[in-house]
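Accompanying notes for the structure given below.
Computed from heavy atoms alone, side chains included, the values below leave out hydrogens, waters and symmetry copies.
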Amino acid sequence: MNYRHAYHAGNFADVVKHAVLTLILGHLRRKDAPFAVFDVHAGVGRYDLEGEAAGKTLEYVEGVRRFLAEPPPPELSDYVAALRAVNPGSDWRFYPGSPRVARHLLRPQDRLVLVELHPDDVRALRREFAGDAQVAIHQRDAYEALKGLLPPPERRGLVLIDPPFEVKDEFTRAAHGLRQALKRWPTGVYAVWYPIKDRPPVAAFHEVLKGLEAKEVLVAELLVFADDVPARLNGCGLAILNPPWQLDEALRQILPELHRRLRRRGGAVRVEWLVQPA
């Protein structure tokens with residue numbers, strides 16, 4: 001309950017996470033059938049990069065500002081469009097949280113479900129999406145919400161799990177939540193964001209993912225530092241269960257370009273199947 005993403009908004013991890021999010025949603029948009037998006041650690045809809053919190057860390061300078069220092073790659077046009085949607089002027093003052101990124105890519109037949117526990121963030125979300133009939137907001141625990149909200153009426157969709165990793169057992173909680181969610185909605189796409197500091201917890205999480213009842217599990221990672229300092233945020237990754245067709249090819253194309261723009265000292269890119277397509 002103490003984590004405040006406003007201090008980290010627009011950092012390199014946000015750029016990676018939201019770039020991948022737009023790629024997944026872009027694949028879902030290729031079919032006319034409606035889909036639902038569940039963002040179960042929603043935070044708030046947008047962040048002020050000129051605000052006090054962002055000004056204390058300036059993490060966005062090494063993140064979204066570095067990304068935008070060069071003409072954006074065409075493969076990430078949806079991501080850039082989501083950035084522009086909250087910055088109608090010529091500057092880049094605001095950064096969209098994942099709820100606003102996802103909302104930008106919804107079609108009239110699609111739906112967004114936001115889950116957030118922090119009362120201040122819930123109030124901010126309700127102001128941000130007031131009157132929007134395509135957005136539902138729930139104040140409840142992320143993993144409890146997965147039990148109550150899945151499966152959706154739509155047969156297609158995405159669950160984004162983006163914990164703050166404040167507690168030591170967050171990998172375990174995420175894996176348990178995924179196991180329960182897959183029982184309720186085995187055909188859904190699931191994307192779990194995770195930090196990369198010390199490697200053993202990440203490797204153990206990957207081993208657990210291999211044993212879940214998902215037909216395919218894809219891992220996409222980007223490190224901006226060499227992962228030789230366990231206490232440092234060296235990079236981040238997303239584990240994507242039941243990924244859309246050819247998402248791996250899109251990630252292999254765009255992640256090296258993101259790494260070139262965002263790297264600080266060394267680092268690398270990884271796109272790998274933990275559970276291969278049949």
Side-chain angles (χ1 to χ4, degrees), residues 1-25 37-69 72 76 78-106 112-132 134-139 142 158 160-166 191-195 222 224 233 235-236 238 258 261-262 264:
M1 292 289 287
N2 294 322
Y3 177 84
R4 310 301 291 151
H5 190 68
Y7 291 95
H8 313 289
N11 67 1
F12 81 88
D14 264 0
V15 174
V16 174
K17 172 175 58 185
H18 294 144
V20 175
L21 173 61
T22 60
L23 290 176
I24 294 173
L25 295 179
V37 179
F38 295 84
D39 185 347
V40 298
H41 297 88
V44 303
R46 70 181 73 201
Y47 299 90
D48 187 353
L49 300 182
E50 295 181 9
E52 181 181 359
K56 286 185 177 180
T57 62
L58 297 177
E59 290 186 18
Y60 67 90
V61 174
E62 299 295 335
V64 67
R65 291 290 170 85
R66 288 188 67 174
F67 170 77
L68 293 169
L76 293 182
D78 284 340
Y79 174 55
V80 176
L83 293 175
R84 292 194 183 282
V86 296
N87 292 283
S90 58
D91 62 357
W92 297 100
R93 174 173 176 172
F94 296 100
Y95 188 83
S98 51
R100 185 48 74 183
V101 173
R103 180 62 183 93
H104 181 74
L105 291 174
L106 292 190
L112 176 61
V113 180
L114 303 176
V115 177
E116 175 55 52
L117 188 59
H118 199 292
D120 291 342
D121 289 356
V122 171
R123 285 190 288 269
L125 284 172
R126 288 176 174 156
R127 290 193 300 268
E128 181 75 19
F129 296 101
D132 192 333
Q134 288 182 253
V135 180
I137 298 168
H138 300 265
Q139 183 176 4
L158 167 69
L160 176 63
I161 300 175
D162 178 21
F165 282 87
E166 285 186 295
V192 187
W193 180 91
Y194 56 88
L222 188 150
V224 296
L233 182 61
C236 66
L238 287 102
L258 285 180
R261 296 180 185 222
L262 300 174
R264 302 286 297 282

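How far CG of Leu58 is from CG of Leu49: 10.0 Å, rounded to the nearest 0.5 Å. Taking CD from Glu59 and CG from Leu233, the interatomic distance works out to 8.0 Å, rounded to the nearest 0.5 Å. Taking CD1 from Ile24 and CG from Leu21, the interatomic distance works out to 6.5 Å, rounded to the nearest 0.5 Å. Taking NE2 of His138 as the reference point, atom CG of Leu114 lies at 8.5 Å (rounded to 0.5 Å). A distance of 14.0 Å separates CZ in Arg103 from CG in Asp39, rounded to the nearest 0.5 Å. For the atom pair NZ of Lys17 and OH of Tyr79, the computed distance is 10.0 Å after rounding to the nearest 0.5 Å.
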Test Leu76 against Leu23 for side-chain contact (heavy atoms from CB on, under 4.5 Å), laying out the working first. CA-CA 8 Å; Leu76 293 182; Leu23 290 176; 4.3 Å; yes

Give the C-alpha distance, both sets of side-chain angles, the deciding distance and a yes or no for side-chain contact (heavy atoms from CB on, under 4.5 Å) between Arg66 and Arg264. CA-CA 11 Å; Arg66 288 188 67 174; Arg264 302 286 297 282; 3.3 Å; yes

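Listed by chain and residue number, His18 satisfy the ring-ring contact (aromatic ring centres under 6.0 Å, His included) test with Tyr95 (two or more places apart in sequence, or in another chain).
Of all the heavy atoms in Leu160 and Ser98, the pair that sits closest is CD2-CB, 3.8 Å. In terms of heavy-atom proximity, Ala53 sits nearest to Ala6 at CB-CB, 3.7 Å. Of all the heavy atoms in Ala9 and Asp14, the pair that sits closest is CA-OD2, 3.4 Å. Leu125 approaches Gly45 most closely through the heavy-atom pair CD2-N, 3.8 Å. Residues Tyr60 and Ala54 share a closest heavy-atom pair of CE2-O, 3.9 Å. Across all non-hydrogen atoms, the minimal contact from Gly63 to Leu262 is O-CD2, 3.4 Å.
Of the listed residues (Arg93, His104, Arg100), just one forms a side-chain contact (heavy atoms from CB on, under 4.5 Å) with Val86, and that residue is Arg100.
Both cation-pi conditions hold for Arg261 and Phe67: the charged atom is under 6.0 angstrom from the six-membered ring centre and inside a 45 degree cone around its axis.
At a threshold of 4.5 Å between non-hydrogen side-chain atoms, the residues Val101 and Leu83 do not count as touching. No side-chain heavy atom of Trp92 sits under 4.5 Å from any side-chain heavy atom of Val64. Contact of the Asp121 side chain with the His5 side chain is not registered, since no non-hydrogen atoms from C-beta on lie closer than 4.5 Å. Two residues are said to be in side-chain contact when any heavy atoms from C-beta on lie closer than 4.5 Å; Leu25 and Asp78 fail this criterion. Inter-residue side-chain proximity for Val16 and Trp193 is flagged as unmet; no heavy-atom pair is nearer than 4.5 Å. Looking at Leu112 and Asp132, their side chains never come closer than 4.5 Å, going by heavy atoms from C-beta outward.
Side chain of Arg46 to main chain of Glu128: no donor-acceptor pair is present (N/O by atom type, distance under 3.5 Å, no hydrogens or angles). A donor-acceptor contact shorter than 3.5 Å links the side chain of Asn87 to the backbone of Phe94.
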